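Notes follow once the structure below has been shown.
Here the structure is a predicted model, which means the values were calculated and not measured. Index from 1, following the sequence.
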Amino acid sequence: MAQQKDIKTGKWMYYGSYVDAKGKRKQYKKRGFDSKKEARKAEDDFREHIENPINYICFEKTSIEYLENAKKELKESSLTDAKTLLQKINREIGNVSLAELDDHYLQNYIDKLDATFSKAYVEKIYYRISKVLNYAVSKDYIPFNPLKKVKLDARKNETKAEMQFWEPSDFRKFIQNVDNQMYMVLFSFLYYMGTRRGEALALTWKDIDFNNNTVRINKTVSVKLNNKITSPKTSNSNRTISMPKALSTLLSDWKTHVKAFYGYSDDCLVFGHHKVLAVESMRRYFNKCIELTNKELAENDKIPRIRIHDLRHSHASYLINNMSAGFTDFDIAKRLGDTVSTLHNTYAHWFKAADKGIIDFMDSDMI
């Protein structure tokens with residue numbers, strides 16, 4: 001290795017040779033440096049690159065390897081989510097080498113995101129980067145995961161948006177304005193069963209047991225995979241849950257109606273028949289019915305404008321606030337297809353309110 005001045009240009013250059021991984025000797029040379037010091041520094045970096053090539057693997061290349069490896073572990077829909085998020089991350093840091101991705105670099109990157117995006121979104125990015133870097137550690141690309149030293153903004157002063165839900169009285173007002181039988185049954189199912197939207201849309205008539213008034217949940221519709229029917233979100237999502245008699249009657253009447261449709265069988269979808277119901281159509285009709293409901297009501301009686309997913313929250317709220325009837329948080333979690341810890345994390349404020357209600361009852365009863 002050496003540096004010398006280029007007589008033609010007056011600039012400095014470095015040159016030399018090395019033996020590559022296949023045992024072949026190769027020459028190298030680079031011109032255009034303003035000083036011998038710059039040329040020496042550039043040559044040192046080049047030599048480190050060829051002697052320790054792992055340090056120069058970039059984040060994007062590592063993320064591609066990680067995704068390939070993750071195919072064995074992640075569900076198809078989760079893999080799609082990971083790919084989409086990593087594409088966004090790679091636009092920012094994809095060409096940065098793992099050697100440069102130290103805790104200082106990553107802290108600056110996360111701080112920049114914290115100043116722009118929601119806490120939940122930044123946490124998703126943090127989680128995915130950590131997964132890629134953990135993979136890099138497992139492949140001996142880096143000795144440790146530098147993200148472990150990076151702190152997320154706790155956002156203690158950030159006001160969390162209140163979870164939206166309907167009381168039973170709100171739902172009764174709403175459902176009176178749903179004049180399409182299929183949607184009336186579907187929205188009632190979501191409110192009184194608390195299933196995820198995809199779980200309801202994937203139901204077939206084979207999953208409905210009218211003798212025992214139960215519904216078997218063992219699949220879901222993934223919008224991200226173009227309405228493909230896949231296995232449920234988690235292992236806890238596989239469940240059989242009971243339905244109230246009023247809902248059973250609605251479903252039975254709907255089944256009688258659709259039996260007249262061409263090609264009916266018990267393998268047909270409960271909502272959509274031969275084709276998965278379009279989520280956007282469902283959303284538009286849902287919002288239209290909310291507008292119709294509020295148009296007829298006085299200002300103080302109007303129902304909150306919620307999302308379809310909030311029907312699941314409404315069901316959870318209904319159950320949590322009626323736990324004095326004798327069922328437990330385990331029963332609620334099983335019905336929703338969640339773990340008890342997920343249930344408590346998601347609905348913590350409602351559990352606190354329910355607990356206070358129980359104590360108030362006990363205090364008055366003991367007096």
If you count the non-hydrogen atoms of other residues, nucleotides and ligands that lie under 6.0 Å from NE2 in His274, is the total more than 12? yes
Salt bridge or not for Arg283 and Glu280, using N-O below 4.0 Å? yes
Salt bridge present between Arg335 and Asp331 (N-O < 4.0 angstrom): no
Within a strict 4.5 Å, meaning less than it, do heavy atoms of the Phe59 and Leu101 side chains meet? yes
Would a distance-only check, ignoring hydrogens and angles, find a side-chain to backbone donor-acceptor pair under 3.5 Å from Asp329 to His344? no
I'd like to know if Glu291 and Arg305 make a salt bridge, using a cut-off of under 4.0 Å between side-chain N and carboxylate O. yes
Mind checking whether Phe144 and Tyr126 sit in one hydrophobic cluster, side chains of I, L, V, M, F, W, Y counted as touching below 4.5 Å? no
Under a 4.5 Å side-chain heavy-atom rule over Ile, Leu, Val, Met, Phe, Trp and Tyr, are Ile175 and Leu251 clustered together? yes
Closest approach of Lys259 to Tyr264 (non-hydrogen atoms, all atoms of both residues): CG-CE2, 3.7 Å
Say whether, by atom type as modelled, one donor and one acceptor occur between the side chain of Asp170 and the main chain of Glu167 under 3.5 angstrom. yes
List in chain and number order the residues that pass side chain to side chain contact (heavy atoms under 4.5 Å, CB included) with Lys148, two or more places apart in sequence or in another chain; answer none if no residue qualifies. Asn134, Asn145
The reported gap from CG in Leu190 to OG in Ser314 (rounded to nearest 0.5 angstrom) is 10.5 Å
Kindly say whether Val270 contributes a backbone atom to a donor-acceptor pair with the side chain of Trp254 at under 3.5 angstrom? yes
Any side-chain donor near an acceptor of the partner, Thr249 and Ser252, under 3.5 Å: no
Short side-chain donor-acceptor distance under 3.5 Å, Arg196 and Ser237: yes
Run the ring-centre check on Phe174 versus Phe286 and record whether the distance is less than 6.0 Å. yes
Can a salt bridge be assigned to the pair Arg312 and Asp338 using a cut-off of 4.0 Å between side-chain N and carboxylate O? yes
Hey, what do you get for OG1 (Thr346) to CE (Met163), rounding to the nearest 0.5 Å? 6.0 Å
I'd like to know if the side chain of Thr293 pairs up with that of Asn177 as donor and acceptor (distance under 3.5 Å, no hydrogens or angles considered). yes
Verify whether the ring centers belonging to Phe165 and His313 lie closer than 6.0 Å. no
Test of ring centre spacing under 6.0 Å for Phe171 and Tyr192: yes
For the NZ atom of Lys83 and the NZ atom of Lys88, what is their distance to the nearest 0.5 Å? 15.5 Å
Counting N and O atoms only, with roles assigned by atom type, does the side chain of Trp166 sit under 3.5 Å from a partner on the main chain of Leu311, one being a donor and the other an acceptor? no
Side-chain heavy-atom pair Lys112, Glu92 within 4.5 angstrom cut-off: yes
Looking only at heavy atoms, what is the nearest atom pair of Met182 and Gly272, with distance? SD-N, 4.0 Å
Within a 6.0 Å radius of atom OH on Tyr127, are there more than 12 heavy atoms belonging to other residues, nucleotides or ligands? no
Do Tyr318 and Met193 share a hydrophobic cluster, counting only Ile, Leu, Val, Met, Phe, Trp and Tyr and linking them when any side-chain heavy atoms are less than 4.5 Å apart? no
Restricting to non-hydrogen atoms, name the atom on Asp153 and the atom on Asp114 that form the minimum distance, rounded to 0.1 Å. N-OD2, 3.1 Å
Separation of Gln107 CD from Leu152 CG (nearest 0.5 Å): 8.0 Å
Side chain proximity check, Leu133 to Arg128, heavy atoms < 4.5 angstrom: no
Could you check if a side-chain atom of Asn90 sits within less than 4.5 angstrom of a side-chain atom of Ile64, using non-hydrogen atoms only? no
Would you say Lys30's side chain and Tyr14's backbone share a donor-acceptor pair under 3.5 angstrom? no
Between Pro146 and Asp103 the two heavy atoms that sit nearest each other are O-CB, 3.6 Å
Look at the side-chain heavy atoms of Ile, Leu, Val, Met, Phe, Trp and Tyr, link any pair under 4.5 Å apart, and say whether Leu113 and Val96 land in one connected group. yes
Residues at least two apart in sequence or cross-chain that pass side-chain hydrogen bond (donor to acceptor under 3.5 Å, both in side chains) with Tyr135, listed by chain then number, are Glu65
Are Val137 and Leu106 in one and the same hydrophobic cluster, where Ile, Leu, Val, Met, Phe, Trp and Tyr link if side-chain heavy atoms are under 4.5 Å apart? yes
Under 3.5 Å, side-chain donor or acceptor atoms of residues 210-221 against the rest of the protein: list the pairs with distances, not counting sequence neighbours.
unit_1, atom_1, unit_2, atom_2, d
Asn212, ND2, Asp209, OD2, 2.8
Asn213, OD1, Ser248, OG, 2.7
Arg216, NE, Asp207, OD1, 3.2
Arg216, NH2, Asp207, OD1, 2.9
Lys219, NZ, Asp207, OD1, 3.3
Lys219, NZ, Asp207, OD2, 2.5
Thr220, OG1, Glu199, N, 3.4

Answer yes or no: is there a side-chain heavy-atom contact under 4.5 Å between Trp205 and Val258? yes
Check whether any side-chain N or O of His273 sits under 3.5 Å from a backbone N or O of Tyr262 as a donor-acceptor pair, and report yes or no. yes
Using atom types as modelled and distance alone, determine if a side-chain donor or acceptor of Asp310 lies under 3.5 Å from a backbone N or O of Ile306. no
Can we say Asp81 and Lys224 salt-bridge, meaning some charged N sits less than 4.0 Å from an Asp/Glu carboxylate O? yes
Note: Ala200 and Leu186 closest approach over all heavy atoms is CB-CD1, 4.1 Å
Going by heavy atoms in the side chains, are Leu319 and Tyr347 under 4.5 Å from each other? no
Donor-acceptor pair, side chain of Ser188 and main chain of Met184, under 3.5 angstrom: yes
Can you list everything that forms a salt bridge (charged side-chain N to carboxylate O under 4.0 Å, His left out) with Asp266? Sequence neighbours excluded, please. Lys255
Residues passing the salt bridge (charged side-chain N to carboxylate O under 4.0 Å, His left out) test with Glu299, sequence neighbours excluded, are none
If you apply the rule side-chain contact (heavy atoms from CB on, under 4.5 Å), what do you find for Lys173 with Leu297, and how did you get there? CA-CA 9 Å; Lys173 292 174 187 175; Leu297 297 171; 3.9 Å; yes
Derivation and outcome, side-chain contact (heavy atoms from CB on, under 4.5 Å), residues Leu98 and Ile142: CA-CA 7 Å; Leu98 296 182; Ile142 50 177; 3.8 Å; yes
Look at the side chain of Lys71 and the backbone N and O of Glu76, then say whether any donor-acceptor pair between them is shorter than 3.5 Å. no
Which pair of heavy atoms, one from Thr342 and one from Thr339, lies closest together, and at what distance? OG1-OG1, 2.8 Å
From Leu86 CG over to Ile129 CD1, what is the distance, rounded to the nearest 0.5 angstrom? 8.5 Å
One should read off an interatomic distance between Ile7 CD1 and Met13 CE, to the nearest 0.5 angstrom, of 8.5 Å
Side chains of Tyr15 and Arg31 only: does a donor on one sit below 3.5 Å from an acceptor on the other? no
Could you check whether any side-chain heavy atom of Ile93 comes within less than 4.5 Å of a side-chain heavy atom of Tyr105, counting everything from C-beta outward? yes
Ser231 versus Lys75: any side-chain heavy-atom pair under 4.5 Å? yes
If you count heavy atoms of other groups shown closer than 6.0 angstrom to NZ of Lys334, is the number above 12? no
Side-chain heavy atoms under 4.5 Å apart, restricted to Ile/Leu/Val/Met/Phe/Trp/Tyr: what other residues fall into the cluster of Val340, or is it alone? Phe330
